[in-house]
Amino acid sequence: LPGYEWVDQSACDPRALQAVRYHVGDGKPVFLYGNPGAGKTAIAAVIAMDEARRLGEEHDVDPSVFAPGIWMPATAIVSLIQKARTDKGVILPGAISEVTEGHIWTRLARPKLLVVDDLGVGAASESAYAILWRLADIRQKLPTIYTSNLTPTQLKKEYDDRIASRVLCGALIELVAKDRRIAAAQS
């Protein structure tokens with residue numbers, strides 16, 4: 001995962017890391033929530049990198065170039081699909097040709113692991129609700145990690161029961177920790 005090489009597994013809450021590994025390995029969605037800086041993104045990155053290494057070894061491929069999953073902020077997924085709808089196609093990072101909205105949905109439904117980072121950031125429009133509902137619907141029985149600063153109750157209020165029931169149908173793991181970024185800046 002380019003940009004996440006910095007993640008040090010030893011800095012992650014070991015119980016939360018073990019719980020996320022277990023549920024992802026069991027093929028279930030995981031809703032990983034907590035205050036900003038608690039380590040949600042770091043845990044998701046460790047799991048995604050572990051999965052890349054495991055599948056890279058299984059298929060005798062260099063894990064640094066093997067991408068068994070997709071990692072995207074929720075806002076980026078919504079923006080990408082909205083742009084594909086408006087423009088009838090979009091060029092994905094690293095691609096050489098345009099893809100349609102249908103191609104994007106296929107790519108989101110297919111990976112072994114999908115990480116949807118920062119679910120609940122920004123105000124959601126009706127279009128965003130529809131996109132997030134469809135995403136949660138196609139991924140509800142697949143290994144998916146959703147990270148959020150919202151609690152499950154706040155997620156239900158921010159979105160609706162249709163989205164919340166799909167996102168929250170797997171494991172709910174709360175990280176209770178002080179903001180590590182602020183703590184590091186103050187030391």
Under 3.5 Å, side-chain donor or acceptor atoms of residues 129-138 against the rest of the protein: list the pairs with distances, not counting sequence neighbours.
from   : atom 1 : to     : atom 2 : distance (Å)
Tyr129 : OH     : Glu158 : O      : 2.6
Asp137 : OD1    : Gln140 : NE2    : 3.1
Asp137 : OD1    : Arg166 : NE     : 2.8

Step by step, would you call Asp117 with Met72 a side-chain contact (heavy atoms from CB on, under 4.5 Å)? CA-CA 6 Å; Asp117 201 22; Met72 289 184 79; over 6 Å; no
Starting at [atom1] of [X], measure out to [atom2] of [Y] and round the result to the nearest 0.5 Å.
{"X": "Tyr159", "Y": "Gln154", "atom1": "OH", "atom2": "CD", "answer": "11.5 Å"}
{"X": "Lys40", "Y": "Ser148", "atom1": "NZ", "atom2": "OG", "answer": "7.5 Å"}
{"X": "Ile104", "Y": "Arg85", "atom1": "CD1", "atom2": "CZ", "answer": "9.5 Å"}
{"X": "Ile77", "Y": "Gln82", "atom1": "CD1", "atom2": "CD", "answer": "12.0 Å"}

Pair listing, salt bridge (charged side-chain N to carboxylate O under 4.0 Å, His left out) test, anchored in residues 143-157, at least two apart: none
Applying salt bridge (charged side-chain N to carboxylate O under 4.0 Å, His left out) to Arg139 and not counting sequence neighbours gives none
Got a sec, which residues hit salt bridge (charged side-chain N to carboxylate O under 4.0 Å, His left out) with Lys83, two or more places apart in sequence or on another chain? Asp87
Please check: side-chain N/O of Thr153 versus main-chain N/O of Thr151, any donor-acceptor pairing under 3.5 Å? no
Test item: Tyr146 side-chain N/O and Asp118 main-chain N/O as donor-acceptor pair under 3.5 Å: no
Over all heavy atoms of both residues, which pair between [X] and [Y] is shortest? Give the atoms and the distance, please.
{"X": "Pro111", "Y": "Leu108", "answer": "CD-O, 3.4 Å"}
{"X": "His103", "Y": "Val99", "answer": "CB-CB, 3.8 Å"}
{"X": "Leu113", "Y": "Ala48", "answer": "CD2-CA, 3.8 Å"}
{"X": "Ile43", "Y": "Ala16", "answer": "CD1-CB, 3.7 Å"}

With a 4.5 Å cut-off on side-chain heavy-atom distances among I, L, V, M, F, W and Y, is there a chain of contacts connecting Leu172 to Ile163? yes
Hydrophobic clusters here meaning ILVMFWY residues chained together by side-chain heavy-atom distances under 4.5 Å, can you tell me if Leu119 and Trp105 are in one? yes
Determine all donor-acceptor pairs shorter than 3.5 Å in which one atom belongs to a side chain in residues 22-37; sequence neighbours excluded.
from  : atom 1 : to     : atom 2 : distance (Å)
Asp26 : OD2    : Lys28  : NZ     : 3.3
Asn35 : ND2    : Ala177 : O      : 2.9

Does some side-chain heavy atom of Val116 sit less than 4.5 Å from a side-chain heavy atom of Thr147? no
One pair to check against side-chain contact (heavy atoms from CB on, under 4.5 Å): Leu142 and Lys112. What are the steps and the verdict? CA-CA 8 Å; Leu142 297 168; Lys112 171 72 175 141; over 6 Å; no
With Ala19 via side-chain contact (heavy atoms from CB on, under 4.5 Å) - residues at least two apart: Ile173
Evaluate Ile145 against Leu114 for side-chain contact (heavy atoms from CB on, under 4.5 Å), listing each step before the verdict. CA-CA 6 Å; Ile145 300 173; Leu114 174 65; over 6 Å; no
